Q: 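One structure is given below, represented as structure tokens, and several questions about it will come after.
Below, chains carry the letters A, B, ... as their sequence lines are ordered, and counting in each starts from 1. Keep in mind the model is a prediction, meaning the values are calculated, not measured.
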2 protein chains.
Amino acid sequence: MTTLSRKRSQKAPYHHGDLRTAILQTAGKLLEEQGVATLSLREVARSAGVSHAAPYRHFADRDALLAALAGEGFARLSEALEAAGARGPRARGEAYVCFALEHRQRFRLMFGGLLRLDAHPGLRAAAARTYDGLVRAFAPLAGPQGAPFAAAAAWSLVHGLAQLLLDGHFPGSKRGERETAAFVRDVLAVVRFARAAQPSD
Amino acid sequence: MTTLSRKRSQKAPYHHGDLRTAILQTAGKLLEEQGVATLSLREVARSAGVSHAAPYRHFADRDALLAALAGEGFARLSEALEAAGARGPRARGEAYVCFALEHRQRFRLMFGGLLRLDAHPGLRAAAARTYDGLVRAFAPLAGPQGAPFAAAAAWSLVHGLAQLLLDGHFPGSKRGERETAAFVRDVLAVVRFARAAQPSD
DNA sequence: ACCTGAACACCGTTCAAGT
DNA sequence: ACCTGAACACCGTTCAAGT
């Protein structure tokens, strides 16, 4: 049943052309539906229509698949932040929270601590790009020596807000998208970043 | 066969007096050593010296044990925050980050999203006490109507900072306690909370 | 009341064997 | 090169049976 040479074989032969991509897609869908904890390699394989050993041709083990999914997540997050960042720092912050709320399980996988960044090449780099983007964005606002701290504070703020919203820790956070967006705006609006750090005691 | 009537039996009969507590302690130790992902009920039982089915007398399932561990965590976090809060809001924030760094896996369990707060009675209440303490602490600083937003912002800030530090997302965060504490101070020092929210566009 | 041992269905991982 | 099926050690959970 593939395009050029072969016509209507009964069963697809080995795979549908790119099993690695197919597995990542299937796993991504299952991840978002049910979370990391119950995401099994065997179910992914079943769902992709291959034997339970087939994924091992493309991923060293379950952790490697999870790391690939997290890597995709960091890349998409960076893209979303860069796109929104053009409309200013506040839009960037809101985009961060949006990403978390729209890809809940992916976000949890990225920051849940199941994956050690050091153990997976490329994953740390993908994560670092997110931070770099923030530092660049804050350089004009906080001055050269203040930028890393301001960027760290800003990232912490939106990251914590996203995480606590996901967990439902704020009273009344079960409301709709509209109300959540307003809550996010109001929380972010209350914060100011000082141009320079003060002596800390 | 209990304390009064029995002297030196060969083997302890059923358990060492309070299996529930023993399991919680063993599980807490194993959790901190190896993380949630690989914490198995069977290993806890083995490590506590009972059969693998014994824990089910005290916990409905693995999730219930994890929820109990998380509940302990929220209670201890609240205590630590109240104690430090007497020395001012900044000390409270630093105590939050300290707790996360000193109980890394417990903290991840509390906020990793493996447990749905609604599914475990008492867990949400324990978590809510943390937020309540923050709102009370921010009432004098941010005014009555600003307090919830300021408290949410403050919690988000220290929570995100803790989480990102745990994951090693800040360059150079592999240094010692001293340097980490200084970094935390500098990041927190850069943030100001406005008395009232401004129009958001 | 509290714990044990066997049993079941599932999983991650490996490996010889197939095409 | 890429995939399969059997196999192994492990796990969560249940349940009849022991004390």
Q: Does CD belonging to Glu33(A) count more than 12 external heavy atoms closer than 6.0 Å?
A: yes

Q: Would you say Ser51(A) places a side-chain N or O within less than 4.0 Å of OP1 or OP2 belonging to dG5(D)?
A: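 It does not, given that no N or O in the side chain of Ser51(A) lies less than 4.0 Å from OP1 or OP2 of dG5(D).
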
Q: Can you tell me if Glu82(A) uses its side chain to pair, donor with acceptor, with the backbone of Glu79(A) under 3.5 Å?
A: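 Side chain of Glu82(A) to backbone of Glu79(A), a donor-acceptor pair under 3.5 Å: no, none is there.
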
Q: Mind telling me whether Phe74(B) and Phe111(B) have parallel, tilted or perpendicular rings, with 30° and 60° as the class edges?
A: perpendicular

Q: Side chain of Ala54(A): nearest nucleotide among dA7(D), dG12(D), dC3(D)?
A: dC3(D)

Q: Could you check whether the rings of His159(B) and Trp155(B) sit parallel, tilted or perpendicular, using 30° and 60° as the cut-offs?
A: perpendicular

Q: Find the distance Arg42(A):CZ to dA6(D):C1' and express it as a whole number of Å.
A: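 So the CZ-C1' distance, Arg42(A) to dA6(D), works out to 11 Å.
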
Q: Does Phe59(B) have any side-chain contact (heavy atoms from CB on, under 4.5 Å) partners at least two apart in sequence or in another chain, and if so, which?
A: Arg20(B), Ile23(B), Leu24(B), Ala64(B), Leu65(B), Ala68(B)

Q: Hey, are the side chains of Leu39(A) and Leu66(A) touching, using non-hydrogen atoms and a 4.5 Å cut-off?
A: yes

Q: Side chain of Tyr56(A) only, heavy atoms from C-beta on: which candidate in dT13(C), dC3(C), dT13(D) is closest?
A: dT13(C)

Q: With a 4.5 Å limit on heavy-atom distance, are the side chains of Pro55(B) and Val44(B) in contact?
A: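 Heavy-atom side-chain distance check fails, nothing below 4.5 Å.
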
Q: Using whole Å, report how far NE2 of His58(A) lies from C1' of dT4(D).
A: 13 Å

Q: Can you say whether the rings of Tyr96(A) and Phe107(A) are parallel (under 30°), tilted (30 to 60°) or perpendicular (over 60°)?
A: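 Judged by the thresholds at 30° and 60°, the geometry between Tyr96(A) and Phe107(A) is perpendicular.
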
Q: Calculate the interatomic distance between Leu41(B) atom CG and dG12(D) atom P; express it in whole Å.
A: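 Spelled out: CG on Leu41(B) to P on dG12(D) is 5 Å.
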
Q: Among residues 59-72 of chain A, which ones have heavy-atom contacts with DNA chain C below 4.0 Å?
A: Asp61(A), Arg62(A)

Q: Under 3.5 Å for both pairing distances: what stems, at least three Watson-Crick or G-U pairs long, include DNA chain D?
A: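 Consecutive-pair runs (3 or more) involving DNA chain D: C:4-8 with D:12-16, C:12-16 with D:4-8.
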
Q: Kindly state each residue pair satisfying salt bridge (Lys or Arg N to Asp or Glu O under 4.0 Å) with at least one member in residues 55-71 of chain A, sequence neighbours excluded.
A: none

Q: Please state how far atom CD in Glu43(B) lies from atom C1' in dG12(D), giving the value in whole angstrom units.
A: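 Value for this atom pair: 14 Å.
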
Q: What nucleotide, of dG12(C), dT4(D), dC11(C), holds the atom closest to the side chain of Arg46(A)?
A: dC11(C)

Q: Check the phosphate of dC10(D) against His52(B), side-chain N and O only, distance under 4.0 Å to OP1 or OP2. Yes or no?
A: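 Looking at the OP1 and OP2 atoms of dC10(D), neither is under 4.0 Å from any side-chain N or O of His52(B).
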
Q: Counting any heavy atom closer than 4.0 Å, what does Arg20(A) reach on the DNA or RNA strands: base, sugar-phosphate only, or nothing?
A: nothing

Q: Quick one: pull up CG in Asp186(A) and CD in Glu179(A) and give me the separation to the nearest 0.5 Å.
A: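 These two atoms lie 12.0 Å from each other.
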
Q: When you compare the protein's N or O atoms with those of nucleotides 15-17 of chain D, which come within less than 3.5 Å of each other, and at what distance?
A:
none

Q: Can you give each donor-acceptor pair under 3.5 Å made by side-chain atoms of residues 127-141 of chain A, sequence neighbours left out, with the distance rounded to 0.1 Å?
A:
{"residue": "Thr130(A)", "atom": "OG1", "partner": "Ser78(A)", "partner atom": "OG", "Å": "3.2"}
{"residue": "Tyr131(A)", "atom": "OH", "partner": "Pro148(A)", "partner atom": "O", "Å": "3.4"}

